[in-house]
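See below for the structure under consideration.
Every value quoted in this text rests on a predicted model; they were computed, and no experiment measured them. One is the number of the first residue; the rest follow in order along the sequence. All ligand and atom numbering here is 1-based and tracks the order in the structure.
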Amino acid sequence: MSEGGVRNVIIVGGGTAGWMAAAVLARGLARNRVSITVVESSAIGTVGVGEATIPPILKLNALFGLDEDELVRRTQATYKLGIEFRDWRERGHRYFHPFGSVGADLNGVHFHHYWLRTGQGDIADYSLPAAAAQAGRFARPVDDPRNVLSRISYALHFDATLYAALLRETAIANGVTHVEGRITDVHLRSADGFVEHLTLDDGRTIRGDLFIDCSGFRGLLIEDALKTGYEDWSHWLPMDRALAVGSESIEAPHPFTRSTARDAGWMWRIPLQHRVGNGHVYCSQFMNDEDAGAQLLAQLDSKPLGDPRPLRFVTGRRKQAWNRNVVALGLASGFIEPLESTSIHLVQQGVTTLLSLFPADRIDPAEVACYNRMIRNDFESVRDFVILHYKQTLRRDTPFWRHVADMAVPDTLNERMALFAANGRILLEPGELFTETSWVAVMLGQGLVPRGYDPQADLLDEDDVRAKLDRMRGLVTRGAQALPRHMDYIRDHGGSAAAA
Ligand code: FAD
């Protein structure tokens, strides 16, 4: 360790995780005289997928001082108001998981209890993001809580490679050093097994005090060198392969991600300005690669831009995200399939948590334990939310769907489903990523209808409740129609040549 504590941070990997970590730490540690170096091998390359995000990414972009119009232009981005799920509950059924809130709470009771009481319309009719998505409209929220247009909540779809390049530019502008080279050896200190230095293929040595492993699925430091171990969750999330392919953009992009359930998995459709990102996530136990590829290509609504690219993964998490002087981020720390677009968020969460526990003079076991507990909670709550989409389904039409509908799930999820099934209640732990609105949208969307609702929703007069709900629905419908068309909005805010 350098004199005076952690002074040299070495980030291994230059994918989204590596450059995001570099950009955040460079800003957060600017005054602490910490030097940050990113080592990456362009010969190895990055995974290059990861195009759909969730709203917290906006905070990160703001922290970097990235102008959103410029970001949208440079990364060929579009706006995302939520996810449309097709054929998940049963074939032919659709529902929308919107960002932000749905309806308005009354007397401190969550909106959905009043909706359950009256059964008035589709619950998505009370969500401005859902209504705007269906109408193909978008605008950033207005800064006036009395205006329904303040209730837009959104994220971005972007080209992952262009976004990583933007993060890299931000990091380097804030003093991060970039080293190109392939790491061939990780040297451990005999005294305590901490990583001491890395050796590159040309013989150079890179020394550091703290190493951030962003080397992708393999986990060059956290697993190959430190043998940390992996908690395998594939008995709950058995998808283990994906094929990704871009296709030509032939229509104005929708402001939402589409996820369509298939025979042994699901397909994503992510519209960008210059192309559409498509992928098929599937379970090799129930579908072979040839069929998966053929189904993906058959489903495209425009010409593919190349051959589908195969990816393999095991769902789960590293047993310790922080082990000795190595912190794993991104794919090196674990992976949960991209159904709810959470991986990049988990990188963001990991690096901001690290910043809040950054070692002062030495690596302290109490801080390491705290970090590991927080990251475990983040991963587990995302895991349960994603499992819910498979467990709670009415589909029994293929061996895969029968398998996932019948599988045992974590107790934490069982309890949540049982609580909701009773009277529509959701109990959140502090700091959970997905809000009550998200859980309600997916529980109801997947066909879990509660037997009752919170009796406090009966305290208001029924006619009064119905009138209030009618008013909310009207405001949402009119609000959505008042928004510009999604592509017009992008173009009017400096969108790329493709937008014009
Ligand atoms: P990588 O991109 O794999 O980068 C690894 C880096 O390590 C590279 O720079 C490589 O050169 C370097 N490296 C490796 N070994 C060495 C070595 N020996 N020497 C030097 N350098 C080395 N996330 C989302 O949030 N939304 C999505 O919609 C989404 N979709 C996804 C779809 C699929 C099918 C998959 C697999 C993932 C998806 N993700 C998504 C996850 C997202 O792609 C990743 O979280 C993100 O790209 C971060 O990857 P990474 O930087 O950890 O790893």
Side-chain angles (χ1 to χ4, degrees), residues 10-22 37-54 56-57 60 80 83 155-161 163-165 167-168 178-186 198-202 204 206 211-225 239-245 257-259 265-270 272 277-282 292 296 308-315 318 328-351 382 386 433:
I10 309 298
I11 298 174
V12 172
T16 307
W19 286 114
M20 184 177 280
T37 304
V38 171
V39 187
E40 66 160 327
S41 161
S42 51
I44 295 176
T46 65
V47 70
V49 278
E51 299 184 329
T53 63
I54 53 176
I57 188 105
L60 195 76
K80 173 180 172 187
I83 306 178
L156 298 166
H157 301 126
F158 50 55
D159 181 314
T161 310
Y163 185 66
L167 292 175
R168 171 177 148 160
H178 177 209
V179 173
E180 165 66 37
R182 184 181 155 88
I183 298 159
T184 49
D185 189 41
V186 179
L198 312 172
T199 309
L200 304 188
D201 53 358
D202 58 6
R204 276 177 295 169
I206 312 261
F211 292 80
I212 318 274
D213 187 348
C214 300
S215 65
F217 284 124
R218 184 167 153 201
L220 197 63
L221 277 62
I222 196 81
E223 198 56 54
D224 284 3
M239 258 55 58
D240 55 355
R241 295 194 188 179
L243 289 163
V245 68
T257 302
R258 178 173 295 148
S259 163
W266 60 280
M267 287 183 193
W268 78 74
R269 186 180 186 285
I270 299 174
L272 304 178
N278 308 275
H280 189 179
V281 177
Y282 58 101
L296 174 62
R309 207 155 55 84
L311 295 138
R312 291 185 178 200
F313 53 86
V314 178
T315 298
R318 210 60 70 192
L329 288 174
L331 301 173
S333 67
F335 184 64
I336 297 172
E337 57 166 276
L339 186 58
E340 286 283 353
S341 324
T342 41
S343 285
I344 294 174
H345 174 77
L346 289 171
V347 176
Q348 178 179 345
Q349 191 68 8
V351 68
V382 170
V386 172
L433 172 61

For [atom], which protein heavy atom lies nearest, and how many Å away is it?
atom                    : result
atom 22 (C) of ligand 1 : Ile44 CD1, 3.8 Å
atom 3 (O) of ligand 1  : Val47 N, 3.4 Å
atom 45 (O) of ligand 1 : Ser343 CB, 3.4 Å
atom 8 (C) of ligand 1  : Gly45 O, 3.2 Å
atom 43 (O) of ligand 1 : Val49 O, 2.9 Å

Exercise. With rounding to the nearest 0.5 Å, note down the distance linking CG in Asp240 to OH in Tyr282.
Key: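 Nearest 0.5 Å value for the CG-OH distance: 8.0 Å.
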Quiz prompt | Separation between OG1 of Thr342 and CD of Gln348, rounded to the nearest 0.5 Å | solution =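 Between Thr342 OG1 and Gln348 CD, I get 12.0 Å after rounding to 0.5 Å.
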Taking only non-hydrogen atoms of [X], do any sit less than 4.0 angstrom from ligand 1?
X      : value
Ala244 : no
Thr53  : no
Cys214 : yes
Trp19  : no
Ser341 : yes

Practice problem: Determine, stepwise, if the pair Val281 / Leu339 fulfils side chain to side chain contact (heavy atoms under 4.5 Å, CB included). | Solution: CA-CA 9 Å; Val281 177; Leu339 186 58; over 6 Å; no
[X]: numbered ligand 1 atoms lying under 4.0 Å from its heavy atoms:
X      : answer
Ser41  : 11 (O), 20 (C), 21 (N)
Leu220 : 17 (C), 18 (N)
Arg182 : 19 (N)
Gly181 : 19 (N), 20 (C)
Gly330 : 52 (O)
Leu311 : 34 (C)

Practice problem: Looking only at non-hydrogen atoms, find the nearest pair between Glu180 and Ala43 and report the distance. | Solution: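 Taking Glu180 first and Ala43 second, the nearest heavy atoms are OE2-N, 4.4 Å.
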I'd like to check whether [X] has a polar contact with ligand 1, where a contact means an N/O of the residue lying under 3.5 Å from an N/O of the ligand.
X      : answer
Phe313 : no
Gly14  : yes
Ile344 : yes
Ile183 : yes
Ala242 : no
Gly13  : no
Ala52  : yes

Taking heavy atoms and a distance under 4.0 Å, where does [X] meet ligand 1: side chain, backbone, both or neither?
X      : result
Ala17  : both
Val12  : neither
Glu51  : backbone
Trp268 : side chain

Quiz item: Considering residues, nucleotides and ligands other than Arg182, do more than 12 of their heavy atoms fall under 6.0 Å from its CZ?
Solution: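 Count not over threshold, so no.
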Quiz prompt | Aromatic plane relationship, Phe158 with Tyr163 - under 30° parallel, 30 to 60° tilted, over 60° perpendicular | solution =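 Parallel, since the angle between the ring planes stays under 30°.
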Could you go through residues 330-337 and list every donor-acceptor pair under 3.5 Å that involves a side-chain atom there, pairing it with any protein atom two or more places apart or in another chain?
{"unit_1": "Ser333", "atom_1": "OG", "unit_2": "Gly330", "atom_2": "O", "d": "2.7"}
{"unit_1": "Glu337", "atom_1": "OE1", "unit_2": "Trp266", "atom_2": "NE1", "d": "2.7"}
{"unit_1": "Glu337", "atom_1": "OE1", "unit_2": "Tyr390", "atom_2": "OH", "d": "2.7"}
{"unit_1": "Glu337", "atom_1": "OE2", "unit_2": "Tyr390", "atom_2": "OH", "d": "3.1"}

Quiz item: By side-chain contact (heavy atoms from CB on, under 4.5 Å), which residues pair with Leu346, not counting sequence neighbours?
Solution: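 Result, side-chain contact (heavy atoms from CB on, under 4.5 Å) vs Leu346: Asp378, Phe379, Val382.
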Quiz item: Just by modelled atom types, is the Thr184 backbone N or O under 3.5 Å from a matching donor or acceptor in the Asp201 side chain?
Solution: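 No; zero donor-acceptor contacts below 3.5 Å.
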